Amino acid sequence: MWHLRGRSSVTAAAAAALHKPVAHLRLLLAVSAWSVPAAASNVAAASTTTRGGPSPSAGVAPRAMPSSSSSPPSAAEGTTAAAGGFRLTEPSFLESLMPKKEIGVDRFLAAHPEYDGRGALIAIFDSGVDPAAAGLQTTSDGKPKILDVIDCTGSGDVDTSKVVKADDDGSIVGASGTHLIINPSWKNPSQEWHVGCKLVYELFTDTLTSRLKKERKKKWDEHNQEAISEALKQLNEFEKKHSKSDDAKQKMAREDLQNRLEYLRKQAEGYDDRGPVIDIVAWHDGDVWRVAVDTQGLEGNKNCGKLADFVPLTNYRLERKFGIFSKLDACSFVANIYDDGNLVSIVTDCSPHATHVAGIAAAFHPDEPLLNGVAPGAQLISCKIGDTRLGSMETGTGLVRALIAAVEHKCDLINMSYGEPTLLPDYGRFIDLASEVVDKHRIIFISSAGNNGPALNTVGAPGGTSSSIIGVGAYVSPAMAAGAHCVVQAPAEGMEYTWSSRGPTADGDLGVSISAPGGAVAPVPTWTLQSRMLMNGTSMSSPSACGGVALLVSAMKAEGIPLSPYTVRKAIENTAASISDVPEEKLTTGHGLLQVDRAFEYAQQAKELPLVSYRISINQVGKSTSKLRGIYLRGSNTCRQTSEWTVQLDPKFHEDASNMEQLVPFEECLQLHSTDSSVIKIPEYIMVTNNGRTFNIVVNPVNISSGLHYYEVYGIDCKAPWRGPIFRVPITVIKPIALSGEPPALTLSNLSFKSGHIERRFINVPIGASWVEVTMRTSAFDTPRRFFLDTVQICPLKRPIKWEAVVTFSSPSLKNFSFPVEGGLTLELSIAQFWSSGIASHEPTCVDFEIVFHGISVDQKIIGLDGSEAPVRVVARSLLASERLVPVATLNKVKTPYRPVESNLCSLPPSRDRLPSGKQIIALTLTYKFKLEDGAEIKPRVPLLNNRIYDNKFESQYYRISDSNKCVYSSGDVYPNYVKLSKGEYTLQLYIRHDNVQLLEKLKQLVLFIERKLEKKDFIQLSFYSEPDGPTVGNGTFKSSILVPGEPEAFYVGPPSREKLPKNVLPGSVLVGSITYGAVSSFSKKDDQNQHAPASYSISYLIPPSKVDNDKEKGVSSGRKSISERLDDEVRDTKIKFLSGFNQETEDDKSSWTALVASLKSEYPKYTPLLAKILECIVQKATSDDKFSHQKEIIAAADEVVDSIDKEDLAKSLSLKPDPEDEEAQKNKKKMEETRDQLADALYQKGLALAEIESLKTDESTEASAKDVFEENYKELIKWVDAKTTKYGSLTVLRERRCGRLGTALKVLNDMIQDDSEQPKKRLYDLKIQLIEEIGWVHVSAYEKQWMHVRFPPSLPPF
């Protein structure tokens, strides 16, 4: 998936978060965003593909496509001729950094200088635009450039519902606990201050956070080194003074100093800066809501970042002001206040991507006009759809809120340089709402087509797959190559970048609408510490096109031409400059390269024409398939016969069109044309009215050659043929070649490649094939060569099955690959030499390519073991050639299903969540509880929703995992991530949004799985058998066999043995893994390849019910006590249990409880379990005002427990080892251990109470007495248990602290905390900070206090 469609060629200091969730192999290349050294990126970063490549279908003459303008204007204009290419002048070099000539901007603005985007408003749906970036302050006519900055995702939301009043000295306590001084000049009639806080790193990109961590750690290390030096000095001085002493106290004192030194050293090793907390304060000044931010912790200087020094902000759209957190980060932010001050949105960008995009579309540099964006007069709103919490991944919430904002601001255009592959084209909630925005609100929506080329069928949603959105491919001109990309020798002609995604869509639509320059050096946020950088991708081509359309909008508004997305789209598509004469290249370039000046001329001519768009839906005659938007024949069977298709042509008017004035009189006579009448048969004319028209198309591909063929059927207005095609029906035919041989193979010899050259082959994958083995050999070249290898198969209701590799040959050599395939589906093989690879060399690359198909077919691809002892029979066949059958099955994960324990529906505030239609969005919050008995890596899965953003009818699936301390460990959305969690109980909340409450009601019991990775040592390797009783008897093990073509062979997959099952797995859970059947044959063992075949299948095992335990019943029946005695015991135990549930809220309750205790003591004198329970209840009782009395009560209760136990008898019993076979002796031992624990707990609680009394500052004699009793009590405790364990360690810490041995106390406390058997306890961390402050380590104390906000936040953050 790609969610941000831009690439950068800057140093790693820029922004590493851009492609965080990307699973696109390309981005691991030197083109990877923000990760390439500048010197290495000049060639690699401009990942582009040539326009041409081989003729797509041998033996077919090129066919002219309709209404294509002449070729793009020469990009060498303004350059100096030179041998082997051209030289740039300084002006032409600067122009190449922000390409505009390519799309006719220079000609247009020369003729219409005031139509430079003025009056056009563009919504940038992206990662958040920095309002402080260069060129984004004003327009060319002096107006504000950015009218609003909105975080649509909620990632910067801060809960400010807590209201406080100022003290007499004008200070308040912020949400972080910091005392804040209010500026007395701030107006606040109500004197109510809304407070909230946020960890500032949660607002920053990973790159910025990384930089700040390094800079802050330098300062922290200086302080820590000073503390280490002082601790070492104290230790050395002590050892000099007491070098020969054997005194126990002095040994403990030396140990204490050593512990201090060791603690500081470990602190340096484990340092992990989670960032300072910023306090946010909001108030109403009588006119508007205001926000101030306290950022003192950022620079470590208490004189900087004070709340009172902050210049208050209000909603950006009101005053257009922003703040800077600190000079250290140089990061600007915007504040927006919602919900009557109860929510403040702190808006920062989550990558430089959006600012770069905005700069391409509309930057204005009065001092450097050659670096202006395409439409410097246009204004912008920034709609942040990339969620900082997810590394910049877009969310459904962000997308929908962005559409709401675009309509609310009455935008003319939307640019969206985001997207990803999709299951279904032109489908989903966002697509529906986007279509409404275009059709009803007349907003022109432009989006990137994707960076997944060069294979076909790689356009992504929404740009390449949605009818209402204009999808843009990425073009590179010679000037861009020479200037922006700094290649040694520019290509002779412009071309599409190698990685630019290609059409068609799965339902036959063209996919790419137009092309525009796909690279630029444009502004970036101030926190990058540079003003601009180079990025390339369809992310850049989209704003280039959007800026061009903004010029068109500016001109149309100025000249009174009715503005409609329908008119604009027709104008830019029908006037685009053809990039190639090869018809099949329309799948790459769309209708051509945008030409703004020609599009405006078209719009001027079309001024009086109806504002209408033709929508096409197609069905194959005789089939009840879903509606298609084109004809797409992909496969040998479809190409062996003639097919007939019915086209429904429906005129689409805007929703406010008048029935009588526009719909009724609408009538157009259209002449139909096809680009190849020998293959495509159509009627000659049709008459279209408002109710639409159908006509049939006959496609006869029988006699065409193998390969790719592209045709179009289009309609021309008989009265105005100058309009060009009024509608188009794209027709793509792929006729694959069939292979023969055992095994089937395809050999391509002596293929000649130059920079940007692409070879495509289409292969009918044999039935029975499941994997491919590929050998690629290169020769006859001098400089290194880089190749993109792509394969694509199309499967219904599934994302394209894609395999890809980026291969670099530094010298002539051979490489091997293997990957899975689906038998019976056409496979496209695309081999492309990267556009800038070998560009300065005149030697072509010679490539030999061999692809061999292998396969083992099985009768069940998904194997489910039902939890019984029975194995599953599998029948395997090889249909292609002899294959070695070597089954390997591994279970490596466990999935446990959960249903919600709570569900909550609520209507969201209208300020951000009311649709343009007026419908209110409703949120469903589902709460799940799960427990981990051991630490593990887990991932939540929601099968109904996961892995679909755009092709999903629900607009959100955001989740977060937290513990009882409200600490959030993980959050995610469409693509859940694994997170490592410690042992403990966790809460997962899932947040789903829609405006239809009935749909949300259906999800109230939505099943969610927690998927847990098993540790490698716990992987379960399944066994195979040749007999059905093999798993039970142990006979007939099956290892391997040779499959003869056509001959079946059967074997059994055995269930895992009971002892191999992971512990603490609930019945009903499912162990999951994979199974493979074959082995790769063509690779030597030296190759870095998995020898198992890459085709793997799912296998699972259902965890059966737990074993019935009869021991309990057996124990009861074999007891020696009589029934009467057992009844008495049960009654006694019930009474004791009742004590803990007794309510003591009122005085009467307390009196009753005291009376009950006295009665039970009388009835069961000196019964230790009763006395232990009484002690427990007293400890848990709410502390009264008289703390001294409460502690005395605890001591008295503890003494009663201690006195009830015969310590000598207990010690004797514990020292004896009972006979393991003597059941009564074992029971007695267990009882003695329980008694010991009750004794230890009583001594422990008594010690805590004594320490508390000591801290209450009584007179000196009482204090000395308490100390003696405390020490005696502690010495008694350590006789029975290890007092440094987690259970009793707090008392040891108190003892060491009382003795002044703070280093040892800190060590014991740290050992307790690091025991991850339980989730963090706040009291332990509070105590840790107290000890550190007593020692005097200010820097460590500040560090631990920052972590307190991570571990123990006051509340869960808003969704």
Side-chain angles (χ1 to χ4, degrees), residues 9 25-26 28-32 36-37 39-56 82-86 453-455 476 478 480-482 485-500 536 746-761 773-791 803-818 829-852 1082-1084 1086-1089:
S9 61
L25 207 90
R26 301 274 136 82
L28 304 179
L29 182 61
V31 219
S32 182
V36 196
S41 65
N42 289 336
V43 174
S47 52
T48 44
T49 187
T50 110
R51 153 192 108 212
S55 176
F86 59 86
V476 59
M480 291 167 62
H485 293 300
C486 300
V487 297
V488 175
Q489 181 177 320
E493 294 178 292
M495 62 185 79
E496 211 79 358
Y497 281 99
T498 310
W499 37 256
S500 188
N536 57 132
L746 173 66
T747 301
L748 305 173
S749 302
N750 297 318
L751 297 177
S752 181
F753 283 85
K754 289 188 177 181
S755 302
H757 184 73
I758 302 174
E759 288 280 351
R760 301 185 197 276
R761 295 295 185 274
E773 297 176 18
V774 172
T775 302
M776 183 177 180
R777 181 183 286 104
T778 57
S779 59
F781 62 90
D782 45 11
T783 57
R785 299 291 194 266
R786 178 176 287 116
F787 285 87
F788 281 6
L789 307 181
D790 281 8
T791 66
W803 173 84
E804 56 188 12
V806 179
V807 192
T808 299
F809 292 89
S810 55
S811 61
S813 57
L814 177 147
K815 292 184 183 293
N816 291 316
F817 312 93
S818 66
L829 168 65
S830 172
I831 312 168
Q833 184 168 319
F834 191 62
W835 77 277
S836 59
S837 176
I839 201 165
S841 172
H842 297 289
E843 293 186 19
T845 315
C846 184
V847 174
D848 295 325
F849 204 90
E850 184 182 45
I851 179 167
V852 182
S1082 62
F1083 304 155
S1084 68
K1086 293 181 181 179
D1087 287 319
D1088 185 20
Q1089 296 275 349

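Sequential numbering from 1 along the given sequence is applied to the chain's residues. No experiment lies behind these values; they were computed from the predicted model shown.
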Kindly compute the distance separating CD (E850) from CG (L814), expressed to the nearest 0.5 Å. 10.0 Å
What closest approach, in Å, do K815 and T808 show between heavy atoms, and which atom pair accounts for it? CE-O, 3.5 Å
Scanning both residues in full, the closest heavy-atom pair of G838 with T783 reads CA-OG1, 3.9 Å
Would you compute the distance between atom CG of L829 and atom CG of L789 and round it to the nearest 0.5 angstrom? 7.5 Å
Under the side chain to side chain contact (heavy atoms under 4.5 Å, CB included) rule, what do R761 and F849 come out as? Steps first, then yes or no, please. CA-CA 11 Å; R761 295 295 185 274; F849 204 90; over 6 Å; no
Quick one, N750 with D848, criterion side chain to side chain contact (heavy atoms under 4.5 Å, CB included). Give me CA distance, side-chain angles, the key distance, then yes/no. CA-CA 6 Å; N750 297 318; D848 295 325; 3.9 Å; yes
Rounding to 0.5 Å, atoms OG (S752) and CD (E759) come to a distance of 9.0 Å
Would you sort out whether H485 and I839 count as a side chain to side chain contact (heavy atoms under 4.5 Å, CB included), showing the intermediate values? CA-CA 12 Å; H485 293 300; I839 201 165; over 6 Å; no
Exercise: identify the closest heavy-atom pair between S810 and P784: CA-CB, 4.0 Å
For the residue pair F834 and F788, does the interplanar ring angle fall in the parallel (under 30°), tilted (30 to 60°) or perpendicular (over 60°) class? tilted
Ignoring hydrogens and angles, tell me if any N or O in the side chain of S755 forms a donor-acceptor pair with the backbone of S837 under 3.5 Å. yes
Measuring from atom CE of M495 to atom CE of M480, what distance do you get when rounded to the nearest 0.5 angstrom? 11.0 Å
Hey, is the main chain of T775 close enough, under 3.5 Å, to the side chain of N816 for a donor-acceptor pair? no
Within this structure, what is the CD1-CD distance for the pair I851 and E773, rounded to the nearest 0.5 Å? 10.5 Å
Among all residues two or more places apart in sequence or in another chain, which pass the side-chain hydrogen bond (donor to acceptor under 3.5 Å, both in side chains) test with T747? none
Using the ring centroid of each side chain, check whether F781 and F809 are separated by less than 6.0 Å. no
Can you tell me how far apart CD1 (I831) and CZ (R760) are? Round to the nearest 0.5 Å. 11.0 Å
Between P478 and A492 the two heavy atoms that sit nearest each other are CG-O, 4.0 Å
Ignoring hydrogens, what is the shortest heavy-atom contact between V476 and A481? Give both atom names and the distance. CG2-N, 4.1 Å
Mind checking what makes salt bridge (charged side-chain N to carboxylate O under 4.0 Å, His left out) contact with D782, not counting sequence neighbours? R785
Grab the two heavy atoms, one from A490 and one from A482, that are nearest each other, plus how far apart they are. CB-CB, 3.9 Å
